[in-house]
Amino acid sequence: MAVYRVTNMRLTRRLFAFSVLAIFFGGLGPLIRSPEAALAQTADPVFVGAGDIADCSGTRDEATAKLLDNIAGTVFTLGDNTYPDGTTTQFNNCYGPTWGRHKNRTKPTAGNHDYHTAGAAGYYTYFGAAASPLDTNCTSNCKGYYSYNLGAWHIIALNSEIDHTAGSTQEKWLRADLAGNQRMCTLAYWHRPRFSSGASHGNDSSFQPFWQALYDYGADVVLNGHDHTYERFAPQSPTAQADPTRGIREFIVGTGGADLYSFSTIQPNSEVHNNTTWGVLKLTLHATSYNWEFLPIAGQTFTDAGSGNCVNAGSTPTFADVPASHPYYNEIEALYANGLTGGCSTSPLKFCPDQIMDRAQSAVFMVRGILGTGFVPDPPQHTLKDNWSPGLWAEQWAEAIINKGLSAGCSLTPKKYCPWEQLPREQVVIFGLRMKYGAGYLPPAATGTLFADLTDTNYYATSWAEQAYRDGLMPACGTSGGKPLFCPKELVTRGLGAYVIVRARNLRMP
């Protein structure tokens, strides 16, 4: 980056961050329009909640309820709504003052603690018809399973506390419901998980019939509680075989307020697991895909965010080299749909998702992104002492980005732009946060405790990386000792760049 000697460290940070923003933005294809035009998006349904929630002896249920206070959408519960026994008094006095604030928009499911009261009478009495709409005026021993549509999605609430064997009334209803479903995307939720790394409960093979039915009909997401942890699995089959094409992604979100549990052996296909953080899972349900984001309670920092494509989406990929199974498929499609990229080649149309970003590409797209897609730079004046032989086209764009005050270059003596320098994650997070919050943004002071590999609070990138991770703009690159890794020097591909831009600009996913 720029090598100016500046004694004011705040000014140094601003100059460095602005230069990074200038050299990165727009390097995602030869066609781009001003990103400001894409800020206003039509909202898709939000589905948010957790399980294992209320206890009058604690306060963490109030902390998670405060998260719901600021999130619009439909609330789900994953069972064990109130402890210890799910009585009417406990629902009224413990659940009611916290999550009960959102009762009118809640679609609940029951758990084993709710059934400590005979027939789960406290649960069915408290939630009324919302808890078992297939029954009429039922307040005890109700079906407790039902389905509904939410936006483009079909949602199925199941009851893990009654017969769920193959051939049972509930399993037959599930298959009939799935057979009649005309929606492309399907989500199911209940209390006890089929797969779990939790030490207290773990896997429960009795729910194989649920999984098999859902898998047979191409369901996309399963949500569970019971183990008081957060865990996310990669798409898998009912027999725990990784299946990125047709598999179901399971989330365990037993983090609503009850004491958290420990982990045992981490199960196959488990991608993320945390047992120190209370919070809620927020799902945004798009027409053919979904975003997820785990939101921690105040004072805690663990987050998890990402996106997935619906199994039955069946859409033809725009780019020949970005199939629907690509991890950044949805983000790349969103860039194209919003007019922010035309790819890296036109015959055939390709995006080059695994190509590393460089400053030469970024010069073109930063200038056009700020000055408009019709901007044409002046012929080069050869003021920069770089080697332009890999691509003479880049020289005039590099001069333009510097002349317009959008970058200071990479060297003053001699004056250079370093067009072929590749961009690491520690620089790209500055771009993402500035795109989200504005050019003058500076992150909060670093804690040095979030990442296993970024503990130096005086290192310039630590604060930026922590905030970008909290905001869901940049995923972790791995874990070490139970903490996420950031990998600050790891180079950024065009696919990961798409991930950052889509989240920074809050672009609607396809």
Under 3.5 Å donor-acceptor, [X] side chain and [Y] backbone:
X	Y	answer
T493	Q355	no
W464	L433	no
T462	T457	no
E466	T301	no
R183	G151	yes
D227	G202	yes
T303	Y469	yes
N224	W190	yes
T229	N274	no
D52	A258	no

So, do [X] and [Y] sit near enough that their side-chain heavy atoms are less than 4.5 Å apart?
X	Y	value
S196	H226	no
N275	Y261	no
Y215	I248	yes
V500	V492	no
V75	R101	no
L384	K416	no
K350	P348	yes
P296	T277	yes

Establish, from distance only, whether the side-chain atoms of [X] and [Y] form a donor-acceptor pair under 3.5 Å.
X	Y	value
E231	S270	yes
H102	D69	yes
N291	H286	yes
D304	W292	yes

**N104, CG atom: more than 12 neighbouring heavy atoms under 6.0 Å** =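 No, because the 6.0 Å sphere around CG of N104 holds 12 heavy atoms or fewer from other groups.
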**Message:** Atom NZ of residue position K103 - does it have more than 12 heavy atoms of other residues, nucleotides or ligands inside 6.0 Å?
**Reply:**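 It does: K103 NZ has more than 12 such atoms within range.
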Specify the closest pair of heavy atoms between [X] and [Y], including all atoms of both residues, with the distance to one decimal.
X	Y	answer
D386	C418	OD1-N, 2.9 Å
A157	P108	CB-O, 4.4 Å
A498	F351	CB-CZ, 4.5 Å
R249	S307	NH2-O, 4.4 Å
P444	S463	O-CB, 3.3 Å
A54	T98	CB-OG1, 4.4 Å

**Asked** Of the options T284, N149, L150, which is the one that meets P45 in a side-chain contact (heavy atoms from CB on, under 4.5 Å)?
**Response**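 Testing each of T284, N149, L150 against P45, the sole residue satisfying side-chain contact (heavy atoms from CB on, under 4.5 Å) is L150.
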Taking the six-membered ring where the residue is Trp, are the ring centres of [X] and [Y] under 6.0 Å apart?
X	Y	answer
F319	Y336	yes
F294	F251	no
F47	Y290	no

Distance in Å, [X] [atom1] paired with [Y] [atom2], rounded so as to fall on 0.5 Å steps:
X	Y	atom1	atom2	value
K282	E293	NZ	CD	6.0 Å
W99	T106	CH2	OG1	8.0 Å
L223	L281	CG	CG	6.5 Å
R60	W278	CZ	CH2	4.0 Å
Y460	D456	OH	CG	12.5 Å
K489	R425	NZ	CZ	13.0 Å

**Item:** By ring pair (Phe, Tyr, Trp, His ring centres under 6.0 Å) - contacts of W388 (at least two apart)
**Value:**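 W388 satisfies ring pair (Phe, Tyr, Trp, His ring centres under 6.0 Å) with no residue once adjacent residues are dropped.
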**Message:** Let's go through L285 and D44 carefully: what are the C-alpha distance in whole Å and the side-chain angles of both, what is the deciding distance for side-chain contact (heavy atoms from CB on, under 4.5 Å) to 0.1 Å, and is it a yes or a no?
**Reply:** CA-CA 6 Å; L285 306 178; D44 285 326; 5.8 Å; no
**Asked** Who passes salt bridge (Lys or Arg N to Asp or Glu O under 4.0 Å) against K436, sequence neighbours left out?
**Response**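 Checked K436 against salt bridge (Lys or Arg N to Asp or Glu O under 4.0 Å); matches are D471.
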**Message:** Looking at K415 and E399, is there a salt bridge between them, counting it only when a charged N and a carboxylate O are closer than 4.0 Å?
**Reply:**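 Between K415 and E399 there is no salt bridge, as every charged N stays at least 4.0 Å from the carboxylate O atoms.
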**Request:** Not counting sequence neighbours, list each pair that qualifies as a disulfide bond (SG atoms under 2.5 Å apart) and has a residue in residues 445-505.
**Result:**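 Residue pairs with at least one partner in residues 445-505: C477-C487.
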**Message:** Below 30° counts as parallel, above 60° as perpendicular, anything between as tilted: where do the rings of F195 and F233 land?
**Reply:**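 Ring orientation of F195 relative to F233: tilted.
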